[in-house]
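Structure record follows, encoded as structure tokens.
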Amino acid sequence: VTVKHGRRGELPKIGKPNSRIDLYVNGTRVQSRWFDHEGKVIRNRDYNHQDAHRNHVFPHDHDWEWRNGNPKRGKEGLKPDYINYY
């Protein structure tokens with residue numbers, strides 16, 4: 001696990017194989033990102049973000065899909081998968 005301090009949107013889509021990066025903003029963990037055996041992003045967990053309509057449940061996960069070498073994050077928030085992504 002690598003810890004990064006910064007702003008939202010700064011996490012890479014390519015990382016170390018079989019790794020995770022935790023993003024902290026002002027001392028609070030706001031997101032985790034997991035990478036597969038090739039270092040490609042496969043999952044995010046959002047712990048907090050802007051929610052003007054108050055329709056998000058936190059934390060929630062998002063899957064990533066790779067097509068033609070390009071990553072695309074799933075829009076639908078998923079229940080956190082604490083077994084496979086911890």
Side-chain angles (χ1 to χ4, degrees):
V1 176
T2 300
V3 173
K4 178 172 176 50
H5 296 273
R7 298 181 315 223
R8 286 195 156 280
E10 291 186 347
L11 292 181
K13 294 173 180 73
I14 302 287
K16 292 180 184 176
N18 300 314
S19 68
R20 183 181 94 206
I21 298 176
D22 289 345
L23 175 64
Y24 285 78
V25 175
N26 298 323
T28 300
R29 183 169 60 171
V30 296
Q31 190 175 64
S32 294
R33 182 168 285 178
W34 286 265
F35 302 89
D36 70 7
H37 67 283
E38 295 179 332
K40 295 177 178 178
V41 61
I42 53 173
R43 189 97 166 181
N44 273 13
R45 180 162 300 138
D46 294 330
Y47 297 96
N48 195 357
H49 59 66
Q50 187 176 8
D51 186 20
H53 298 289
R54 298 188 175 163
N55 60 351
H56 289 85
V57 175
F58 294 100
H60 61 263
D61 289 8
H62 293 276
D63 281 331
W64 284 76
E65 186 176 313
W66 286 79
R67 289 187 184 168
N68 302 320
N70 296 310
K72 182 167 181 152
R73 185 189 73 123
K75 293 189 185 269
E76 183 177 336
L78 307 169
K79 289 179 82 173
D81 179 352
Y82 293 112
I83 294 172
N84 295 300
Y85 303 95
Y86 48 91

| Salt bridge check: are Lys79 and Asp81 linked by an N-O gap of less than 4.0 Å? |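 Between Asp81 and Lys79 there is no salt bridge, as every charged N stays at least 4.0 Å from the carboxylate O atoms.
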| query | Is any NZ, NE, NH1 or NH2 atom of the basic residue among Glu65 and Arg67 found under 4.0 Å from an Asp or Glu carboxylate oxygen of the other? | reply |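 Result for this pair is yes, salt bridge flagged.
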| query | If we only count heavy atoms from C-beta on, is the Lys72 to Trp66 side-chain gap below 4.5 Å? | reply |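 Result no, sub-4.5 Å side-chain heavy-atom pair not found.
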| Which pair of heavy atoms, one from Asp61 and one from Arg45, lies closest together, and at what distance? |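 For Asp61 versus Arg45, the nearest heavy atoms are OD1-NE, 2.6 Å.
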| field | Closest approach of Trp64 to Arg33 (non-hydrogen atoms, all atoms of both residues) | value |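 Closest approach of Trp64 to Arg33: CZ2-NH2, 3.5 Å.
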| task | Please answer: with hydrophobic residues joined when any side-chain heavy atoms are less than 4.5 Å apart, are Ile14 and Ile21 in the same cluster? | result |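 As far as the 4.5 Å side-chain criterion goes, Ile21 and Ile14 are connected within one cluster.
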| Just wondering, are more than 12 heavy atoms of other shown residues or ligands nearer than 6.0 Å to CG in Asn84? |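 Correct, the count exceeds 12.
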| task | Verify, without hydrogens or angle tests, whether Arg8 (side chain) and Val30 (backbone) share a donor-acceptor contact under 3.5 angstrom. | result |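 Confirmed, Arg8 side chain pairs with Val30 backbone.
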| Is Asn68 reaching over with its side chain to a backbone N or O of Asn70, donor-acceptor style, under 3.5 angstrom? |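 No.
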| When the ring planes of Tyr85 and Trp34 are compared, do they come out parallel, tilted or perpendicular, using 30° and 60° as the limits? |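 The arrangement is perpendicular - the two ring planes meet at more than 60°.
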| query | Would you say the side chains of Asp46 and His60 form a donor-acceptor pair under 3.5 Å? | reply |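 On atom types as modelled, these side chains qualify, holding a pair under 3.5 Å.
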| request: Walk me through it: do Asp63 and Leu78 pass the test side-chain contact (heavy atoms from CB on, under 4.5 Å)? | output: CA-CA 8 Å; Asp63 281 331; Leu78 307 169; 3.4 Å; yes
